[in-house]
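For this chain, numbers begin at 1 and follow the sequence in order.
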Amino acid sequence: MTDKNIAILNSKKGLGALLRQERLDPKKALRNVKYEKRLEKLQEEMLILQQWVAANNKKVVILFEGRDAAGKGGAIRRIIQHLPPRAIRVVALPKPNETELGQWYFQRYINKLPNNGEIVFFDRSWYNRAVVEPVNGFCKQKDYEIFMGQVNEFEKMIQDSGIYLLKLYFSITKKEQERRFKDIIESPIKKWKYSDVDKRALSLWDEYTRYKEAMFEKTQVHAPWKIIKANRKTSARINAFEYILKQIPYEVKDLEIIRHKPMRTIFNE
């Protein structure tokens, strides 16, 4: 271990990481500290982006999609951790009520779009109708086809109105999804998250894949998807952060901070 790494472990953060472990593992503690330090730098840069959005009356929408337990919510929490609550919103809509079922499908999402100076994060979005709903029989095939025929134009209208639109998809393997479901079920404080849809997810894996691939093929006309490999949560969060900071043309942007650094590179520094 280098003198630099020893100094990191001797710091307040390093000692805290060591003390939180059940079994002493200096290398793991070092990785955790380096991840947290990288995260903090990106969070500082995200605050600069947010202040630019607010000062210039810009509007930003960021969609987080992915299979159940892919880590979407955890990534959002890290990204917004130090942002002013009044300047951002996280939207995670429940299933539509009777009134919403009678509306144009996109209507309840339009109502959640940002005002001037605001960033809105969607923890799942209108793309429920592209994958989750048809796979689970929550919509008719005709409804699915209407959505797929309208979504590109809908996103063009959003962008034409001056809204920055980013779409992130968190991708995990079947084995990793199964492992995360097991962790959720066994956790007293997380098991409430395990829904009926989650229970069917593994058995419907291939159906999810088929609809997901159709979504990627047909819905990138105006707003491309960024696929985030999410088996390792730390890497996924960092990669999502870097992508967002890279795509929004805020000023003044620190290009060195947002430059992509693979986690293995950070850990070996």
Side-chain angles (χ1 to χ4, degrees), residues 49-50 53 56-68 70 72-73 75-76 79-80 87-171 197 207-228 240 243-250:
L49 183 156
Q50 180 275 316
V53 168
N56 294 278
N57 285 329
K58 302 297 184 180
K59 293 173 283 190
V60 179
V61 168
I62 307 174
L63 310 188
F64 286 73
E65 290 288 344
R67 295 181 192 262
D68 298 310
K72 304 177 292 296
I76 292 172
I79 290 169
I80 70 171
I88 59 105
R89 277 187 288 127
V90 177
V91 176
L93 295 180
K95 63 182 182 180
N97 58 34
E98 286 299 317
T99 300
E100 290 168 335
L101 286 171
Q103 296 173 345
W104 178 42
Y105 177 75
F106 292 100
Q107 189 166 333
R108 70 181 190 142
Y109 294 101
I110 290 172
N111 293 336
K112 302 298 182 182
L113 292 177
N115 301 309
N116 280 343
E118 196 173 35
I119 305 173
V120 175
F121 300 83
F122 280 89
D123 187 349
R124 290 201 181 282
S125 66
W126 46 87
Y127 280 101
N128 275 335
R129 181 143 292 181
V131 181
V132 175
E133 289 190 13
V135 168
N136 289 278
F138 296 156
C139 72
K140 297 175 182 177
Q141 182 65 20
K142 181 181 178 182
D143 295 328
Y144 166 76
E145 291 170 359
I146 290 172
F147 170 84
M148 294 298 283
Q150 293 180 344
V151 65
N152 287 317
E153 191 60 30
F154 173 67
E155 291 178 354
K156 181 178 186 297
M157 288 189 289
I158 287 176
Q159 292 172 304
D160 286 348
S161 73
I163 297 175
Y164 293 99
L165 174 63
L166 303 182
K167 304 188 315 195
L168 284 70
Y169 186 91
F170 282 58
S171 178
V197 172
E207 276 293 281
Y208 272 100
T209 299
R210 184 165 70 86
Y211 278 95
K212 177 195 73 173
E213 290 176 351
M215 178 182 76
F216 288 153
E217 180 183 348
K218 298 174 183 177
T219 64
Q220 308 214 52
V221 178
H222 303 293
W225 284 99
K226 172 63 176 179
I227 299 174
I228 305 288
Y243 178 73
I244 292 167
L245 292 168
K246 200 170 292 183
Q247 293 300 308
I248 305 297
Y250 65 96

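Applying the side chain to side chain contact (heavy atoms under 4.5 Å, CB included) criterion to Val60, with sequence neighbours excluded, gives Val53, Ile62, Ile119, Tyr164, Ile248. Every residue was checked against the salt bridge (charged side-chain N to carboxylate O under 4.0 Å, His left out) condition with Glu213, not counting sequence neighbours, and none meets it. With sequence neighbours left out, the salt bridge (charged side-chain N to carboxylate O under 4.0 Å, His left out) criterion links Lys156 to Asp160. Under the rule for a ring-ring contact (aromatic ring centres under 6.0 Å, His included), Phe121 has no partner lying at least two apart in sequence or in another chain.
Between the CG atom in Leu168 and the CZ atom in Phe64 there is a gap of 5.5 Å [rounded to 0.5 Å]. With values rounded to the nearest 0.5 angstrom, Thr219 atom OG1 is found 6.5 Å from Asn152 atom CG. In this structure, Met157 CE and Ile110 CD1 are separated by 7.0 Å, a value rounded to the nearest 0.5 Å. Atom NZ of Lys112 and atom OH of Tyr109 lie 11.0 Å apart (nearest 0.5 Å). Expressed to the nearest 0.5 Å, how far CD1 of Ile76 lies from CZ of Phe122 amounts to 10.5 Å. Distance check: Tyr169 OH to Ile227 CD1 gives 8.5 Å after rounding to the nearest 0.5 Å.
Using modelled atom types, no side-chain atom of Glu133 and backbone atom of Asn128 make a donor-acceptor pair closer than 3.5 Å. Lys72 contributes a side-chain N or O that, together with a main-chain N or O of Arg67, makes up a donor-acceptor pair within less than 3.5 Å. Side chain of Arg124 to main chain of Val91: no donor-acceptor pair is present (N/O by atom type, distance under 3.5 Å, no hydrogens or angles). No donor-acceptor pair under 3.5 Å is formed between the side chain of Tyr208 and the backbone N or O of Val135.
Side chains of Tyr250 and Lys58 form no contact here, defined as non-hydrogen atoms less than 4.5 Å apart. For the pair Glu65/Val131, no side-chain contact is recorded, criterion being any heavy-atom separation below 4.5 Å from C-beta on. Taking the side chain as every heavy atom from C-beta outward, Lys59 and Asn116 approach each other to under 4.5 Å. Side-chain contact between His222 and Val151 is absent, with no heavy-atom pair separated by less than 4.5 Å.
In this structure, Phe170 and Ala70 approach most closely via the heavy-atom pair O-CB, 3.6 Å. Closest non-hydrogen pair, Leu49 versus Ile244, comes out as CD1-O, 4.3 Å. Nearest heavy atoms, Met148 versus Ala130: SD-CB, 4.2 Å. Between Cys139 and Pro134, the shortest heavy-atom distance links the atoms SG-N, 3.8 Å. For the pair Gln159 and Ala223, the tightest heavy-atom approach, listed with the atom from each and the gap, is NE2-CB, 3.9 Å.
Residue pairs that meet the salt bridge (Lys or Arg N to Asp or Glu O under 4.0 Å) test with at least one member in residues 143-155, sequence neighbours left out, are Glu155-Lys167.
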Check: residues 93-105 side-chain donor-acceptor pairs under 3.5 Å, at least two apart:
residue: Asn97; atom: OD1; partner: Thr99; partner atom: N; Å: 3.1
residue: Asn97; atom: OD1; partner: Glu100; partner atom: N; Å: 2.8
residue: Glu100; atom: OE1; partner: Asn97; partner atom: N; Å: 3.0
residue: Glu100; atom: OE1; partner: Arg108; partner atom: NH1; Å: 3.4
residue: Trp104; atom: NE1; partner: Gln150; partner atom: OE1; Å: 3.0
residue: Tyr105; atom: OH; partner: Trp126; partner atom: O; Å: 3.0
residue: Tyr105; atom: OH; partner: Arg129; partner atom: N; Å: 3.4

